[in-house]
Amino acid sequence: MTALIYPADAKVRLELTVNGERRVGEAEPRMLLVHFIREVLGLTGTHVGCDTSNCGACTVVLNGRAVKSCTVFAVQANGGSLLTVEGLARKGRLHPIQEGFWEKHGLQCGYCTPGMMMAAYDLLQKSPNPTEEEIRRGISGNLCRCTGYVKIVEAIEYAAQKLRSDPSWRSGGD
Amino acid sequence: MVKVVKTRVEFEGRFRDEYTVVEGEPLEGWSPKSGLKIVGRPHPRVDGAAKVTGSAKYTHDVYLPGMVYGKFLRSPYAHAKITHIDASEAEGLPGVLGVYTYKNAATLGFGGAEKVFKQEVTYQGDVVALVLAQDESVAEDALELIRVEYEPLRPLVDPEEIMGLDSSKDRIVGPKLYERGDLEKGFAEADVIVEESFKTQAALHNCMETHGSVAHWEGDNLVVHTSTQSVFNVRSALSEELGIPQSKIRVVSEFMGGGFGSKFGAGEYTVVAAAAARLLGRPVRIVLDRVEENLATGNRSQTVQWVKIGAKRDGRITAIHLKGLVNVGEDGWVADLGGPAKMMYHCPNVKVELYGVKTNLVSSTAFRAPGYVEGDFALESAVDELARRLNMDPLELRLLNYATRDPVTNSEYSSKALREAYLKGAELIGWRSEPRVVRDGAKIRAKGVAGAIWWGGGGPPAYAEVKVNADGGVTVLTATQDIGTGTRTALAQIAAEELGLPFSSVRVVLGDTITELRSPGSGGSQTLASMGPAVRAAAHDAKNQLLEIASQVYDVAKERLTIREGSIFRSDGSVLCSVGELLGNLGDFSVTGRGAREPNQEGYMVNTFAAQFAEVEVDTETGTLRVLRLVSVHDSGMVVNPLTFTSQVEGGVIMGMGYALWEGRLVDGESGVVINPNLNDYLVARCSDVGEITPTYVEPEDPHTNSLGVKGIGEPPIIGVAPAIANALREAIGVRLRELPFTPERVYSAIKGINPRPTTAKYL
């Protein structure tokens with residue numbers, strides 16, 4: 001099998017909005033978005049768990065939708081708007097989802113947590129008042145090996161309630 | 001006064017003697033009745049902010065300037081000889097800094113190079129070559145340019161097949177034997193005998209953070225960031241392999257993404273990264289991908305077990321015989337499947353014979369209650385069959401044969417409240433108040449029970465320091481790890497409680513050998529029971545010093561002073577000063593308290609227990625099995641934090657459900673190739689798969705285990721889940737399933753009385 005090898009000068013210049021800021025960076029066309037986020041943008045809160053889109057540890061919100069950033073090329077995000085875990089809090093205030101995961105103990109080792117929260121962010125945007133079943137379905141693309149999910153579901157219920165009662169979190173952010 | 005004490009210490013059922021250095025007098029034990037204010041409360045995690053903001057740095061998140069990426073080329077064959085290997089094209093690729101195979105591995109400069117890089121590969125995933133490159137994609141490109149020719153050899157992967165081969169006697173380890181009483185006499189006395197055979201599958205840990213390390217040198221000092229359950233194990237392995245003193249090595253594991261038993265050693269990736277970093281004079285990062293993780297880092301052993309139990313007509317068990325085969329892979333360890341058979345029941349006549357079988361699969365390793373999960377499935381399924389034969393309620397049978405002393409040593413338990421746990425669980429699941437089986441069209445719901453026993457008493461050596469800083473803030477220093485269980489939080493609670501300072505003022509530093517505070521590995525359900533008392537002792541020492549200082553500064557007798565909520569009080573209840581004021585006025589002096597885990601008390605057996613009840617629903621048209629409810633009641637001594645405690649139980653239970661229903665390494669019996677080494681095909685539980693979990697506890701006072709009265713909780717929740725589900729399934733469909741996992745195909749076939757279609761794929 002012949003390997004596909006790009007010379008170093010094949011790098012593409014990308015410009016996108018990341019957590020509300022304009023950022024530029026270079027990526028080979030084959031570079032996955034998750035590696036761009038971690039290695040070029042230096043945002044290591046977004047994790048890699050499986051490389052095959054099964055675990056969801058790399059979930060981010062791209063152009064308003066949750067995506068597994070290991071299944072998107074960095075170049076596909078060019079010109080877009082990206083929200084990662086680092087952009088959830090606003091002006092030093094934790095986002096209700098972050099608050100919920102902390103307060104309700106929706107984490108153990110914490111490795112899956114950023115991806116889990118970004119999936120929850122997407123879910124609560126689409127469905128501000130989800131049933132437990134909708135929450136469970138909504139995050140079933142994200143694996144957690146530690147918690148048994150019980151407290152993650154409670155964390156998202158907590159966040160949903162908080163978001164409904166505090167409209168200041170409703171607009172913008174990504 | 002420093003005192004050296006020799007004491008017996010247990011780890012996962014294996015005992016060894018340890019010396020420990022203790023200072024100070026033993027502390028009065030805590031219990032649920034001690035009126036504690038911080039311990040026993042549901043405090044959210046002290047590291048919660050770091051984890052929800054993405055600022056927690058895991059090994060995977062360590063990127064250093066000039067860092068080099070290491071990648072392994074791994075064998076696609078389960079057994080083969082490399083007849084030709086040519087790395088020249090890979091070496092010539094721009095950005096590649098080195099390629100190593102068995103031919104030049106010695107130049108990497110570590111002791112065991114020839115054991116890592118071999119000409120004959122003995123399992124799929126065995127190391128063939130290493131590439132070092134300036135970035136990960138170049139390293140991956142280079143892997144594809146290494147030309148390897150293999151001569152495939154016949155792999156042996158199935159222990160049952162190997163036991164029948166005369167030519168493979170050298171692959172059999174053991175037998176490991178245990179015997180008490182007179183087995184034949186026990187069976188002769190029995191009115192009823194059940195004989196059952198069971199198979200359990202290999203399970204893969206699948207920690208969310210894969211194994212990995214980043215190594216760099218500062219002069220002749222090595223610094224390694226690694227995802228590990230034991231920074232000291234990693235350090236001693238590096239010292240040995242690299243030939244440098246331990247004091248020149250610093251191992252750091254500040255945050256780590258799960259271990260479950262798979263991350264106790266250094267691993268070849270760590271040693272190779274450190275050696276390569278020395279050679280290149282640059283940091284080297286080696287992080288395994290998910291497939292490597294599942295092929296090359298170990299697994300829970302596959303087992304085959306035969307269980308024979310004899311009982312009197314009234315239900316008293318007279319004899320238990322367990323024979324087991326344990327697939328240990330290339331060179332793994334024979335996990336003690338016999339634990340439950342030896343320890344669960346008051347039975348005078350017991351024999352256990354275990355055979356390890358070496359196969360062309362990766363070496364097996366510890367995985368959450370190793371051996372006991374597998375053994376409990378067999379024993380507790382067989383006990384359920386015995387109850388049927390005796391026409392007894394399975395819960396009554398368990399209570400009838402309840403062991404009130406440890407049957408192996410005849411010692412007293414430090415505490416045992418399993419009976420209370422059974423009764424509480426029975427109440428919660430409606431064991432007696434509701435029908436055991438309910439039919440609803442094609443669906444059947446039914447309940448089952450299983451008991452579990454495990455270790456988790458902890459012990460020395462474990463040391464800690466507690467510093468009370470000039471502003472009243474507290475730093476707890478240890479070198480234990482928080483593998484996700486909540487160790488930081490529990491230790492902060494213990495320090496705050498003992499000191500009388502606010503929980504919010506405590507910071508816990510861990511996962512770093514630079515403290516030189518010897519700490520046990522985070523496993524065996526023993527972190528809290530080992531480290532907690534050391535932290536309490538250190539906090540006690542610090543408190544004593546604070547009171548002594550206050551006594552001298554304010555000229556008040558020390559005995560008349562106490563510390564509460566950050567202030568020092570006189571015995572009349574008036575405030576003398578705050579701790580911050582006291583130390584601030586001393587020129588910003590900070591107090592350092594030192595503490596050691598006290599020796600274990602002699603003569604007591606420290607065990608943890610669980611009673612687990614499952615309610616399942618079987619769809620008889622599809623064979624789909626769903627666990628509607630799982631009630632898990634634990635005796636783990638006093639509970640330090642109900643939030644972390646129940647989270648451990650929920651996580652253990654769901655892992656047990658995965659083991660019962662979905663998880664299992666599938667191996668092609670002919671080629672020895674693993675069919676599902678990824679998270680697409682190896683199924684771990686998702687949020688939508690799980691029903692209701694009810695985690696709870698009985699909380700016995702335990703004055704014999706340690707100064708906190710605590711026992712472990714990491715492993716017990718997984719142990720009885722599979723047999724509780726198996727027994728519920730048997731109740732539902734009237735047929736006993738004896739092989740895990742209970743896939744829809746197996747359940748459906750059992751209901752219809754047909755054999756599943758044969759394939760070469762096996763759960764091995």
Side-chain angles (χ1 to χ4, degrees), chain A residues 1-5 7-8 28 30-31 35 38-39 42-55 57 84-86 88-89 94 97-99 101-105 107-114 117 133 135-137 139-153, chain B residues 42 44-45 47-58 60-61 63 93-95 135-137 141 144-145 205-210 255-258 260 289-291 482-486 643-644 646-655 678-680 684-690 693 695:
Chain A
M1 192 167 73
T2 317
L4 290 172
I5 297 163
E28 285 182 40
R30 63 174 171 174
M31 186 181 230
H35 294 132
R38 289 172 54 81
E39 293 169 32
L43 299 171
T44 55
T46 302
H47 293 142
V48 179
C50 70
D51 314 295
T52 49
S53 80
N54 297 105
C55 80
T84 70
V85 63
E86 290 89 348
L88 272 181
L94 289 183
I97 294 174
Q98 293 173 304
E99 226 182 273
F101 272 75
W102 188 1
E103 197 60 39
K104 293 289 165 187
H105 211 96
L107 55 86
Q108 280 191 25
C109 81
Y111 195 80
C112 75
T113 309
M117 291 193 301
E133 203 192 327
I135 294 175
R136 287 189 174 265
R137 204 165 346 114
I139 57 163
S140 64
N142 291 64
L143 290 178
C144 168
R145 194 60 161 156
C146 298
T147 64
Y149 303 105
V150 178
K151 292 177 169 51
I152 292 177
V153 173
Chain B
R45 288 172 173 259
D47 51 7
K51 287 177 176 176
V52 300
T53 55
S55 63
K57 286 273 177 281
Y58 298 79
H60 283 202
D61 303 332
Y63 293 94
L93 188 71
D135 67 44
E136 198 162 16
S137 48
D141 291 339
E144 295 190 16
L145 297 175
H205 303 75
N206 275 310
C207 317
M208 292 308 297
E209 184 186 35
T210 57
F255 288 95
M256 67 91 80
F260 308 115
D289 67 25
R290 182 58 56 186
V291 173
D482 189 340
I483 65 171
T485 56
L643 268 180
T644 51
T646 51
S647 190
Q648 281 295 299
V649 176
E650 287 155 1
V653 164
I654 200 178
M655 206 176 242
N678 56 62
L679 286 171
N680 200 39
V684 310
R686 292 181 183 274
C687 191
S688 48
D689 296 327
V690 195
I693 301 170

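Please read all numbers here as calculations on a predicted model, not as lab measurements. The chains referred to below are lettered A, B, ... by the order of the sequence lines, with proteins before strands, and numbering in each begins at 1.
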**OP:** Please name all residues satisfying salt bridge (Lys or Arg N to Asp or Glu O under 4.0 Å) with A/Glu86, sequence neighbours left out, ordered by chain then number.
**Re:**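 Scan of A/Glu86 (salt bridge (Lys or Arg N to Asp or Glu O under 4.0 Å), adjacent residues dropped) gives none.
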**OP:** State which residues pass salt bridge (Lys or Arg N to Asp or Glu O under 4.0 Å) with B/Arg290; sequence neighbours excluded, sorted by chain then number.
**Re:**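 Here no residue qualifies.
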Please look at [X] and chain A and tell me whether the side chain, the backbone, both or neither of the residue comes under 4.5 angstrom of a heavy atom of that chain.
X	value
B/Tyr63	side chain
B/Ala50	neither
B/Gln648	both
B/Ser55	neither
B/Val684	both

Donor-acceptor pair, distance only, cut-off 3.5 Å: does the side chain of [X] make one with the backbone of [Y]?
X	Y	result
A/Tyr149	B/Ala685	yes
B/Lys51	A/Gln108	yes
A/Arg145	B/Gly257	no

As an exercise: rank [options] by heavy-atom pairs under 4.5 Å with chain B and give me the winner.
options	result
A/Glu39, A/Met31, A/Met117, A/Lys104	A/Glu39
A/Val150, A/Leu143, A/Asp51	A/Leu143
A/Arg137, A/His47, A/Arg136, A/His105	A/His105

**OP:** Side chain from CB out, backbone as N, CA, C, O: work out which of these in A/Leu88 comes under 4.5 Å of a heavy atom of chain B, or both, or neither.
**Re:** neither
**OP:** Check whether A/Ile97 gets within reach of chain B through its side chain, its backbone, both or neither, counting any heavy atom under 4.5 Å.
**Re:**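 Nothing of A/Ile97, per the 4.5 Å heavy-atom cut-off to chain B.
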Original post:
Would A/Cys109 and B/Glu209 count as a side-chain contact (heavy atoms from CB on, under 4.5 Å) if you check the C-alpha gap in whole Å, the side-chain angles of each, and the deciding distance to 0.1 Å?
Top reply: CA-CA 9 Å; A/Cys109 81; B/Glu209 184 186 35; over 6 Å; no
Original post:
Most heavy-atom pairs under 4.5 angstrom with chain A, which of B/Ile693, B/Asp47, B/Ile483, B/Asn206?
Top reply: B/Asn206
So how far is it from [X] [atom1] to [Y] [atom2], rounded to the nearest 0.5 Å?
X	Y	atom1	atom2	answer
B/Asp135	A/Glu28	CG	CD	6.5 Å
A/Cys146	B/Glu650	SG	CD	12.5 Å
A/Lys151	B/Ser647	NZ	OG	5.5 Å

**OP:** For residues B/Thr53 and A/Val85, report the shortest heavy-atom separation together with the two atoms involved.
**Re:**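 Where B/Thr53 meets A/Val85 most closely, the heavy atoms are C-CG2, 3.9 Å.
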**OP:** Looking only at non-hydrogen atoms, find the nearest pair between B/Arg686 and A/Asn54 and report the distance.
**Re:** NH2-O, 3.0 Å
